[in-house]
Protein chains: 2
Amino acid sequence: MIKIDIANSLMKVHPCSRATALQVVDLLTERLKDALLNGHRIEIRGFGVFEPRPRKRGMGRNIKTGASVQIPKGKSIRFKPGKDLREIEVA
Amino acid sequence: MIKIDIANSLMKVHPCSRATALQVVDLLTERLKDALLNGHRIEIRGFGVFEPRPRKRGMGRNIKTGASVQIPKGKSIRFKPGKDLREIEVA
DNA sequence: ATTGGCGATGTCGATCTTGATCATCAGCGA
DNA sequence: TCGCTGATGATCAAGATCGACATCGCCAAT
């Protein structure tokens, strides 16, 4: 599923053109990104929680060189599935 | 940031009542949930990718008993931050 | 204001992450 | 609708992090 599919789903329940639906989806993602970049946690009950987290681990590995690669970065976004998402069984 | 904030952001760029904005946000999350539950991967460039993944690890831990707890479930949702989300520096 | 999902705790193993590169597909212009 | 741009995926390796259970409190949602 890609952005277009989401827009189509939105159109089914919200009377608007595909372009508008795309705009809405894009906007939402933009807002979420912005909020996350600002360090804000996004909590939506029944769906999940997006949380910016500081990362402590500081070492990776380079395939070619095989040398230990320092990981200077220290942040990442974690998405924690909500109750509804945990209902996933062995499909 | 919670659902209401997202709805407000939507209202700013999309002329509609708060109730409608809430409905849109709720709908989107519903669609995403449904897609994920159906095992579909949601890929949005510049934002991130939601991917249902089978979980192989089969052991947890009970605080009280401290005994190894079998994890019967075998799925979880992983959110992979896109390029824009990786721009997060040590805020 | 009420309901109830969600957070944190604690342990121990599996999972995930970073880094670079080529191929493929998402996003979007014409 | 067709095609281009370029972001994403997989991989090797080592080390750090997540996960789940069970419970109380807090805050999101109604």
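Proteins come first, then strands; the chains are lettered A, B, ... in the order of their sequence lines, and each starts at number 1.
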Participant: Using whole Å, report how far CG of A/L85 lies from P of D/dG19.
Facilitator: 13 Å

Participant: Toward the 5' end of DNA chain C, which comes first, B/P54 or A/G82, by nearest nucleotide?
Facilitator: A/G82

Participant: Could you check how far CZ of B/R78 sits from C1' of D/dA10, rounded to whole Å?
Facilitator: 11 Å

Participant: Please identify each residue that fulfils side-chain hydrogen bond (donor to acceptor under 3.5 Å, both in side chains) with A/D26, with sequence neighbours left out.
Facilitator: A/K3

Participant: For the pair made of CZ in A/F50 and C1' in C/dG7, what is the distance, rounded to whole Å?
Facilitator: 18 Å

Participant: Quick one: does B/H14's side chain get under 4.5 Å of A/T20's, heavy atoms only?
Facilitator: yes

Participant: Return the set of residues passing side chain to side chain contact (heavy atoms under 4.5 Å, CB included) with A/R31 (not counting sequence neighbours), or none when no residue passes.
Facilitator: A/L27, A/D34, B/S9

Participant: Could you work out which one of C/dC6, C/dC16, D/dT8 sits closest to the side chain of A/V49?
Facilitator: C/dC6

Participant: Only counting residues at least two apart or in another chain, list the ones meeting side-chain hydrogen bond (donor to acceptor under 3.5 Å, both in side chains) with B/R53.
Facilitator: none

Participant: Could you write nucleotides 22-30 of chain D as a row of B, S and -, 5' to 3', where a protein heavy atom under 4.0 Å of any base atom gives B, of only sugar-phosphate atoms gives S, and otherwise -?
Facilitator: B-----SS-

Participant: Between B/K80 and D/dG9, does any side-chain N or O lie under 4.0 Å from OP1 or OP2?
Facilitator: yes

Participant: For A/E30 and C/dG27, what is the distance between atoms CD and P respectively, to the nearest whole Å?
Facilitator: 13 Å

Participant: Quick one: side chain to side chain contact (heavy atoms under 4.5 Å, CB included) partners of A/K33, sequence neighbours excluded?
Facilitator: A/E30, B/F47, B/D84, B/L85

Participant: How many Å lie between NZ on A/K83 and P on D/dA20, as a whole number?
Facilitator: 15 Å

Participant: Between P on D/dG6 and CG on B/D84, what's the gap in Å once rounded to a whole number?
Facilitator: 14 Å

Participant: Atom CZ of B/R53 to atom C1' of D/dT17: distance rounded to whole Å?
Facilitator: 14 Å

Participant: Name all residues meeting the side-chain hydrogen bond (donor to acceptor under 3.5 Å, both in side chains) criterion together with B/N8; count only those two or more places apart in sequence or in a different chain, and write none if there are none.
Facilitator: none

